[in-house]
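In what follows, chains are A, B, ... by sequence order, proteins preceding strands, each numbered from 1. The structure displayed is predicted, hence computed values, not measured ones.
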Amino acid sequence: MLDGDPLDVAPALLGMVLVHGGRAGRIVEVEAYRGEEDPASHAFRGRTPRNATMFGRAGLLYVYFTYGMHFCANVVCGPEGRAGAVLVRALEPIAGLEAMRAARAGRRRDGRAPADRDLCRGPANLTGALGIDRSYDGWDLLARPSLRTGPSLRTGPSLRTGPSLRTGQPLRSGAVARGPRIGITKAVEAPWRFWAEGSPYVSGAAGFRSASRG
DNA sequence: CTTTGGATCGTCT
DNA sequence: GACGATCCAAAGG
């Protein structure tokens, strides 16, 4: 399932559910990063301490820190030894909304939570809402039970709960939209971003931010 | 509504 | 020493 080309895995992740800390969201927007073949990928120049998780087995969580203050979460794709990952860019919140609001509110100047539609809209916003940070880099999203050892690569084993991925209602292929990735400066033309057509929880121009409907 | 600039620091050159 | 797989708020139309 996840053990394939990120370009194939990305649309298949739409509709799956990311769970952590009593909070959960349905994946509605993703981007594929194809490792050493992809100039926009962290792994384009080969393995480094930061991107080591991208070379791990399919189903691991790759979390990186950026812009001095944000974390972004990726699902690693197989095969092991080959870098590849799918960046999760937006979720439709489905559980633990109150905890999400509190987490998001704490990081804003006015201390107020954003609208529910914006809770998990954007790659750094969704990690903030769910409470996912770099201490979960290398975590196994598929292992059961939810209590397990990890993360393995950076901080050493510890016993605690962590993020997991659950199957959800898959999207009809006709309901999947596709276009260029966001926020990159290399390979800007590759249409490797996928999202749930019409979803108000999607970031970027395809979202309904401007067309603000109730 | 759109545009612009500041925040803030790990990572790689 | 430069630059992000970003977000937010203030300023401008």
Hits for side-chain contact (heavy atoms from CB on, under 4.5 Å) against A:M69, two or more places apart or cross-chain, chain-then-number order -> none

Which sits closer to the 5' end of DNA chain C, A:N125 or A:K186, going by the nucleotide each is nearest to? A:K186

Closest-nucleotide ordering on DNA chain C, the 5'-leading residue of A:L87 and A:R107: A:L87

Within the pair [X] and [N], is there a side-chain N or O less than 4.0 Å away from OP1 or OP2?
X: A:R89; N: C:dT6; value: yes
X: A:R181; N: C:dT6; value: no
X: A:N51; N: B:dT11; value: no

Under the 3.5 Å rule, do the base of B:dA7 and the side chain of A:Y67 count as making a donor-acceptor pair? no

Are A:Y33 and C:dA5 stacked, counting the six-membered base ring, centres under 5.5 Å, planes under 30°? yes

Output field dot_bracket for DNA chain B (Watson-Crick or G-U, both distances under 3.5 Å, | for other-strand pairs) contains |||||||.||||.

Look at A:R57 together with A:D140 and state whether they make a salt bridge at an N to O cut-off of under 4.0 Å. yes

Identify whether the distance between the nearest side-chain nitrogen and carboxylate oxygen of A:R172 and A:E197 falls below 4.0 Å. no

Between CZ on residue A:R181 and CG on residue A:L87, distance to nearest 0.5 Å: 10.0 Å

Just to verify, what does A:Y64 make a ring-ring contact (aromatic ring centres under 6.0 Å, His included) with, not counting sequence neighbours? A:H42, A:Y62

When you measure from the side chain of A:D137 to the backbone of A:R134, do you find a donor-acceptor pair of N or O atoms at a distance under 3.5 Å? no

From the set C:dG4, C:dC7, B:dC9, return the single nucleotide nearest to any side-chain atom of A:F65. B:dC9

